[in-house]
Amino acid sequence: MNRIDKTFQKLKQENRKALIAFITAGDPDFETSFQILKAACQAGVDILELGVPFSDPTSDGPVIEAGSARALKSGMSLSKTFKLAARLRQVVDTPIVLFSYYNLLFKHGLNKVASQMSEVGIDGLLVVDLPPEEAGDLRKELSGSEIHIIRLAAPTTTHARLQMLVDGAGGFLYLITRTGVTGTGGLDYSAIEKHTAEVKALCPLPVCLGFGISTAADAAHLAPMADGLIVGSAFVRIIAGTDDKSQMPMLIAEKVKELRKGMDGEVIGP
Amino acid sequence: MNKEKEKLIGAYPDATGHFGSYGGRYVGETLIASLAELEEAWKSAKNDPEFMTEFRSMLRDYAGRPTPLDYAGRLSDDIGGARIYLKREDCAHTGAHKINNVIGQGLLAKRMGKKKVIAETGAGQHGVATATIAARFGMECKIFMGVEDIRRQAPNVLRMQLLGAEVIPVTAGTSTLKDAMSAALRYWVAEVEETFYIIGTVSGPHPYPEMVRDLQRVIGDEARAQMLKQVCQLPDLLVACVGGGSNAMGLFYPFLDDPCEMVGVEAAGLGLHTQQHAASISGGSPGALHGAMTYLLQSEEGQIHEAWSISAGLDYPGVGPEHALLHDLHRVTYQGITDLEAVEAFQKLCRFEGIIPALESSHALAYAIKEAKKRSADEIILVCLSGRGDKDLTHITEYLQTNKLKS
């Protein structure tokens, strides 16, 4: 059974929500990144979204764009991301979702991508700029593997389209909380609650919320609405704001625990 | 195989927005609904005679069309080969072909009830054109422009501001057109309900490549009729510069089923053997960027390279997906022209014809001059003179001084 499915099954039994962390692979460098990812998983991240750095991340805000640039500057690439995931897999059993822009996969060769993902033990693939209409080739390469294609849905996604998105998707649905890029705040909780309920009624997969979630208070408000929360820029901001690399894993782990408390109802938001 | 007989006009894109394996819609989910809305709106507008009549009247009364077809006689005599004709898009309002597209998209924005427009710009010509149409229609306008281009194209920045647009400096990445387009896309994702994104070239996600081509084909439609009327024959060779490739698609499209050779001229910068060029087709490989599958300048690992050209309007690491297809079909040949060759052609047109061309158009001209030498006087080369060069004067003076060339 796919690790993502197993995780959601277990969380459901425990009546808990999934904390999904997005962290860019190789930010700020390969070795520190490994320590950060390991610390995040050990601190209680349920699913890890491992971002492949891209030169032109048009769906991301300035925080993740800068993280991508730091990783690229340190020599990171898709091949090295696979190496990092393989090393991580030796020490943690956390499900890993590869989060990429399509050009990196296309240029690497979809066939190679599929086989390397299976080899290193990656459980899901989310391609942020690949709608299902363009994903035929990728689906073909992944068919027969256990790897899930994770789909995004936006506030602008129509109900008819949502049905289509969910067909052939697996793992969970990544529901974008609002229009815009990653990492900017200003969440309208009641609008999100209404939208999430509509989507949950139509979607057989676990529904997880992402974009703009950064504090324990956000987590406390949003966790009851969905099956999980995705936090990215808040982690990447810690990497950007810390001079001493050796402190980064510990600071990331603290952030994980803070968000976890929010989600588990131990922090009451304002 | 009977490839020659295959009609190209009207054949692409297919119903899903693809030009063969190129084009498509490689964007985040948030934009899908807006692109679908745009596609529907464009389909309905282009089949609405009232809309098209308004478009044509504005092209005539506001943009000053048709632009002339002009025989460059003294230049042709000096070269002593094929005769060179110029399609004078530099004579259009705002000084370049870009106005054709923005009139169309501006009218469409109005039809869709959008009150705000945004655009990316490299050389500033598309930004100026968008600011112009926003002023004419009373719309709020934001133009995204890389800081490096703001430096190179100062007069156009001033123009946009005079026209009431807000110029938003983009400092990410290489601070040029590619980053301006990324910034505009990001802004659009956030403000998608109220904002119309006027893309300036035949790239981006479907329906932009098709829509911009259809709005720019007036260049080729006019030129084809003018050739037949003024010269009583079709040109043997069509030449246009290609950054994103809108003036080239506009000129080429109505001639695609005619027995005319076509060359798209890419910016070879400091040379195709160096990393400093912007020749996505001659020096790149297929990939997906800014919403479309096309040829890109990129590393083996799929990271996008910086493009380089003396001309800000050609300084882009991708190209419109229809050009990618026409290249693969061998219908259009893509050639490189270096910074130096373009500057020489720029100077030559100034001196021989009294026309100051844009540095972008000077690339097309340089290739035409080279090619004319190899051909006889009964052959005709039609060059798209896509814009005028006033905006380039400071930059070109700097270039001549730095390279110790005569002005």
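Keep in mind it's a predicted model, so treat the numbers as computed, not measured. Letters A, B, ... mirror the listed sequences (proteins, then strands); counts begin at 1.
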- Message: Looking at every heavy atom in both A:Ser79 and B:Glu301, which two are closest together, and how far apart are they?
- Response: OG-OE2, 3.3 Å
- Query: Are A:Leu104 and B:Gln303 side-chain neighbours, meaning at least one heavy-atom pair lies under 4.5 Å?
  - Reply: yes
- Approximate separation, where rounding is to 0.5 Å, of A:Glu134 CD and B:Arg25 CZ: 8.5 Å
- Task: Check whether any side-chain N or O of A:Asn103 sits under 3.5 Å from a backbone N or O of B:Leu289 as a donor-acceptor pair, and report yes or no.
- Result: no
- Query: So what's closer than 4.5 Å to chain B heavy atoms on A:Ile176: side chain, backbone, both or neither?
  - Reply: side chain
- What closest approach, in Å, do B:Ala33 and A:Thr156 show between heavy atoms, and which atom pair accounts for it? CB-O, 3.3 Å
- Query: Using non-hydrogen atoms only, which part of A:Pro57 is less than 4.5 Å away from chain B: side chain, backbone, both, or neither?
  - Reply: both
- Listed once per pair and sorted, the side-chain hydrogen bond (donor to acceptor under 3.5 Å, both in side chains) pairs that draw on residues 282-291 of chain B, sequence neighbours left out: A:Lys107-B:Ser285, B:Ser182-B:His290, B:Glu266-B:Ser282, B:Ser285-B:Gln298, B:His290-B:Tyr316
- For B:Val192, is it the side chain, the backbone, both or neither that has a heavy atom under 4.5 Å from a heavy atom of chain A? side chain
- Query: With chain A, which of B:His18, B:Glu193, B:His305, B:Glu191 has the greatest number of heavy-atom pairs at distances under 4.5 Å?
  - Reply: B:His18
- Item | Salt bridge flag under 4.0 Å for residues A:Arg161 and B:Glu29 | yes
- Looking only at non-hydrogen atoms, find the nearest pair between B:Ala288 and A:Tyr102 and report the distance. CB-CD2, 4.2 Å
- Item | Region of B:Pro205 that comes under 4.5 Å of a non-hydrogen atom in chain A | neither
- Nearest-0.5 Å distance, CG of residue A:Asp129 to CG of residue B:Leu31: 11.0 Å
- At a heavy-atom separation under 4.5 Å, does A:Leu105 approach chain B through its side chain, its backbone, both, or neither? neither
- Note on the structure: The interface call for B:Ser299 against chain A, heavy-atom contacts under 4.5 Å, is backbone
- Is any NZ, NE, NH1 or NH2 atom of the basic residue among B:Arg186 and A:Glu65 found under 4.0 Å from an Asp or Glu carboxylate oxygen of the other? yes
- Quick one: of A:Ser77, A:Pro132, A:Ala153, A:Pro155, who has the most non-hydrogen atom pairs under 4.5 Å with chain B? A:Ser77
- Message: For a 4.5 angstrom cut-off between non-hydrogen side-chain atoms, does A:Phe54 reach B:Ile304?
- Response: yes
